[in-house]
**Q** 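Let me begin by handing over the structure; questions about it come next.
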Amino acid sequence: MSLRRNAESTHEDIPLQATETHISFFQKGREYESRYVNHHYTEEEREQLGKFESVDYLPPHSTVYKNWLEQQPSRLDWDRWLMMGMIGFSVGVIGFLMHQLIDVISKLKWDKASEFIKDRDFGLAWIWVIGYSVFFVLASSIPVVYFRPNSAEGSGIPELIGFLNGTVVKHIFSIKTMLIKFFSCVCAVGAGLPVGPEGPMIHLGSLVGAGLSQFKSDTLKFQLPFFERFRNTEDRRNFISAGAAAGVASAFGAPVGGLLFSMEEVSSFWNMKLSWQTFFACMVSTFTTVLLNSALKGFTYQGDFGLFKAEKNIIFQVSYDIGVNILAFIPTVILGIIGGLLGAAFTFIYLKIVRFRRSQIGKIKSVRWKNVAKISEPVLIMIIIGTASVFLPAAFPCTSFQSNFTSEGNMTLNPGEKCLTGSQRPMLTERDVKNYTCPVGITRVINGTEFTNSSFNEVATLLFATGEKAIHRLFSRNTPDKLGYASLFTVLVIYFLLACWSAGTAISSGLSSNLFRFIGATYGRIIGRAMVDLFGFHSTGYWAWMDPGAFALIGAASFCGGVSRLTVSLTVIMMEITNDVQFLLPIMVAIMVAKWVGDFVTHPLYFALLELNCIPFLAEPVILHKGSRAINLELLKAGDAMSSPAIVVHKIESVSRLTQLLQDTRHCGYPVVVKTDRGDEVFSGLISRNDIMVLLSREDIFCSREKLSLYQEESDINRLDYKQMDQGYHKDHAARLNTQLDLYAENPRYQNLFINLSPYVNHSAPTVQETFSLHRTYIIFRTLGLRHLTVVDERNRVRGIITRKDLMGFQMEKRIRKSLHSSRNREMQPQSSSQGHRRSMDA
């Protein structure tokens, strides 16, 4: 059995067994399942699941590691704060460049298209929009398909969550991935696909944290002699978490939201000091982006460098404050229910499309035509969107409007117009509308107030803009009749379906938060418009809360919550990007209701994507027994979930035995035992498969038994240090190691050569007793970020081992049901025997 095959199909412990499930038509792909139901994998998915390896959050506490720590400079905090500042600054610059480039590409497209449409040259406008957009879509898709088809595709957030949860995902922190992701995202979003840059910005932030903190690159083959003490699993993962938070802060201008997002959604391991340092990185990132944006717009100098204006710093600045009425919570709950249902529908349709896409592309045998199919899909979507944007507004009539603005830019209402209904109200709107082919009216200035009578096209106002500008128009206050039902419903259906389709295509762009807000704001404004038509419009006073713009804000929050199931971080981000504290409570209510409703229908989107990509992830498991009754994990023990028996090694092992372990098993960790005076083999530590591979590749450390001593661990430290062990065995040399292992197995000489494992054993590997609470076992495993947890008996003898895959919900469910079934059988056997004995006595 070759080492390469073993390494690539490594399970953390034993192969996962299949679980028989009866799945209905709607659950054929397991998209339609409540959060309170464990996800079950097919045989093929279990094979894919088994290919992922895990990594400990903390480095192994071995003698070589402690020796390496002693050689490092004192662990002062100033260099960690410096690194956090560097990460924040770098992410802020990337965020600034990304948004500026997207604005330039998008603005040129729509400005030129508007000129053609104004001249009623629709054919030329269509050719321009399609040609311009398809060019950038091709530029976005081709590098992803041919150079980084897995790591650069999509938002990267599920892979990032999986990594920070302890699963190794290859190539997601490569500099090549970073360059392709940035370029592809700019082209895709700028072209006008219904996707956004927020997800890629989070991934790019984590890429900066991963690369900058290590001061080395495997791609570019360099390693600088700075910050070497950060080159361990714990610090690297902390900097990646901080980089992801800084990406959120730069994308939204929300430093507190970035910190909370990293804590709530991305990271699995957290401490208070990391919170302060991550907040500092978010602050620097936001400050850098805002500072650069203050002077430049579309790379054109505006002359306001260092002037932080609200309209520039706050993405969706709300111009009119409205008091919240207790009655507003009734439609808020309705919006929350709609958000939860639509969010679940989005997840369901999106997963169905992704599974269908994979199955159809998988049928294509030629790699060349597979790539062509992947590239063609976003091009087709772009053609549909471009065609709809150019021609669809022509199906809607022009809408006449009035707008009254003071010299400060604020809209005014005449006293008699503040509580009118229906046709009595003049059409009031903001300046930022699109005329399309509608006639432009006259603007007059009387006593410092600008009066405009004109007309505009409602659909063009929503389609001829980037996501942020379209959301601005939906959030506008004191404009109850700005957008009608027909235009809002039309745009809602188109964007909802196209967003479900676009999200999983072969481009580097994410499930846009702005797109989610756009969809939510659309149905939120529909509800608000309906209330205004039913009860009248009041710009001030007790009923002023019935404003379509206000309900658009609540609807945006509800749909984001229904898709992502975020709560705290989403609420804070909504506050930071709108500056509308008045609606804090309605937003919180809408998000919570949307989460509760969505959880009853589907898994959260990012968890569903982790399951779709078969990335092992520890979410809170749900164990079902006897119908729908859930079992309390406190009533179960660690022995119910462990894999047994566990293969153990001794501190001094022969080369032939270690070779046999690598060739015959797929385990990634082996408990190390020592013999006591009583003859028991008790647990002493843990050693990883990777460490054994490194040791076996070095024949200079092989010795005869007489030359080895358990009490002279320092003898091998100078020959193999922690850096060499941490880097592992290079995959390019696998063939060479395979040849070595075959030699070790065949040559009898290696049965008499031994390796002293003592300097490389993790002596701080935690254990739990077999009778330990399973619920607390899960908490210990996830909180400490473990890869292996050894289970021992009351005499510290190894009874089994628990890995990440053992604690996944479907695996625990299978083993616990089997354990409970065995327990019932044992309980019934004595009872049956006694009943049979009684019957014989009676006879």
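This is a predicted model, so every value here is computed, not measured.
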**Q** How far apart are the closest heavy atoms of Thr177 and Ser151, and which atoms are they?
**A**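 Nearest pair, atom of Thr177 first, then Ser151: OG1-OG, 3.2 Å.
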
**Q** Sort out for me which residue in His99, Lys181, Met98 forms a side-chain contact (heavy atoms from CB on, under 4.5 Å) with Val186.
**A**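 Answer after filtering His99, Lys181, Met98: Met98.
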
**Q** Please report the C-alpha distance between Val169 and Asn150 in whole Å, then the side-chain angles of each, then the deciding distance to 0.1 Å, and finally whether the side chain to side chain contact (heavy atoms under 4.5 Å, CB included) criterion is met.
**A** CA-CA 10 Å; Val169 185; Asn150 297 317; over 6 Å; no

**Q** Please report the closest heavy-atom contact between Tyr350 and Cys500, naming both atoms and the distance.
**A**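 That closest heavy-atom pairing would be CD1-O, 3.5 Å.
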
**Q** Give a yes or no on whether a salt bridge exists between Glu45 and Arg355, defined as a side-chain N under 4.0 angstrom from a carboxylate O.
**A**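 Yes, charged N to carboxylate O under 4.0 Å.
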
**Q** Looking only at heavy atoms, what is the nearest atom pair of Phe559 and Gly343, with distance?
**A**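 Shortest heavy-atom contact: CE1-N, 3.8 Å.
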
**Q** Got more than 12 heavy atoms from elsewhere within 6.0 Å of OH, Tyr146?
**A**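 Yes, enclosed.
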
**Q** Just wondering, do Arg358 and Leu612 contact through their side chains at under 4.5 Å, heavy atoms?
**A**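 Yes, at least one pair of side-chain atoms sits under 4.5 Å.
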
**Q** Would you check if the side chain of Ser34 reaches a backbone N or O of Thr602 as a donor-acceptor pair within less than 3.5 Å?
**A**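 Not at all, since once roles are kept as given, no pair shorter than 3.5 Å links the two residues.
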
**Q** For Ser184 and Arg148, does a side-chain donor sit closer than 3.5 Å to a side-chain acceptor?
**A**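 No, no side-chain donor-acceptor pair sits under 3.5 Å.
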
**Q** Under the salt bridge (charged side-chain N to carboxylate O under 4.0 Å, His left out) test, which residues partner Arg565, sequence neighbours left out?
**A**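 Listed in chain order: Asp599.
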
**Q** Between Phe518, Tyr523, Phe489, which is the residue that forms a ring pair (Phe, Tyr, Trp, His ring centres under 6.0 Å) with Tyr495?
**A**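 Filter result, single survivor: Phe518.
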
**Q** Quick check: do Pro149 and Val145 have side-chain heavy atoms less than 4.5 Å from each other?
**A**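 SC-SC contact between Pro149 and Val145 ruled out.
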
**Q** Are Ser54 and Arg804 linked by a side-chain donor-acceptor pair shorter than 3.5 Å?
**A**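 Yes, Arg804 and Ser54 have a side-chain donor paired with an acceptor closer than 3.5 Å.
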
**Q** Looking at Gly555 and Ser558, what are the two nearest heavy atoms and their distance?
**A**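 Scanning both residues completely, I find the closest heavy atoms to be O-OG, 2.7 Å.
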
**Q** Do the non-hydrogen side-chain atoms of Met808 and Phe617 ever get within less than 4.5 Å of each other?
**A**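 Heavy-atom side-chain distance check fails, nothing below 4.5 Å.
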
**Q** Would you say the side-chain atoms of Lys109 pair up with the backbone N or O of Ala191, donor to acceptor, closer than 3.5 Å?
**A**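 Side chain of Lys109 to backbone of Ala191, a donor-acceptor pair under 3.5 Å: yes, one is there.
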
**Q** Hey, does the side chain of Ser241 reach the backbone of Arg237 with a donor-acceptor pair shorter than 3.5 angstrom?
**A**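 It does hold such a pair.
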
**Q** If we ignore angles and hydrogens, is there a donor and acceptor under 3.5 Å between the side chains of Gln100 and Asn293?
**A**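 Note: Gln100 and Asn293 side chains meet the donor-acceptor criterion.
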
**Q** In the structure I gave you, are the side-chain heavy atoms of Glu153 and Thr505 within less than 4.5 Å of one another anywhere?
**A**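 Glu153 vs Thr505: side chains apart.
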
**Q** Mind listing the closest non-hydrogen atom pair of Ile87 and Gly209 along with its distance?
**A**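 Smallest heavy-atom distance, with atoms named: CD1-CA, 3.8 Å.
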
**Q** Please list all pairs passing the side-chain hydrogen bond (donor to acceptor under 3.5 Å, both in side chains) test where one or both residues lie in residues 370-388, with sequence neighbours left out.
**A**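 Residue pairs with at least one partner in residues 370-388: Trp126-Thr387, Arg357-Glu377, Glu377-Trp501.
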
**Q** Find out whether Phe52 and Ile615 are in side-chain contact, i.e. whether some heavy atom of one side chain is under 4.5 Å from a heavy atom of the other.
**A**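 Touching, per the 4.5 Å side-chain cut-off.
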
**Q** Side chains of Val91 and Leu204: closer than 4.5 Å at any heavy-atom pair?
**A**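 SC-SC contact between Val91 and Leu204 ruled out.
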
**Q** Does any pair with a residue in residues 163-187 pass ring-ring contact (aromatic ring centres under 6.0 Å, His included), and if so which ones, sequence neighbours excluded?
**A**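 Applying ring-ring contact (aromatic ring centres under 6.0 Å, His included) to every pair that reaches into residues 163-187, excluding sequence neighbours, yields Phe163-Phe173.
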
**Q** How close do Phe122 and Val390 get, heavy atom to heavy atom, and via which atoms?
**A**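 Looking at all heavy atoms of both residues, the shortest contact is O-CG1, 4.1 Å.
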
**Q** Could you tell me whether Lys107 and Asp111 make a salt bridge, using a distance below 4.0 angstrom between a side-chain N and a carboxylate O?
**A**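 A salt bridge is present here (some side-chain N lies under 4.0 Å from a carboxylate O).
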
**Q** Tell me whether the rings of Phe346 and Phe496 are parallel (<30°), tilted (30 to 60°) or perpendicular (>60°).
**A**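 Plane angle over 60°, so perpendicular.
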
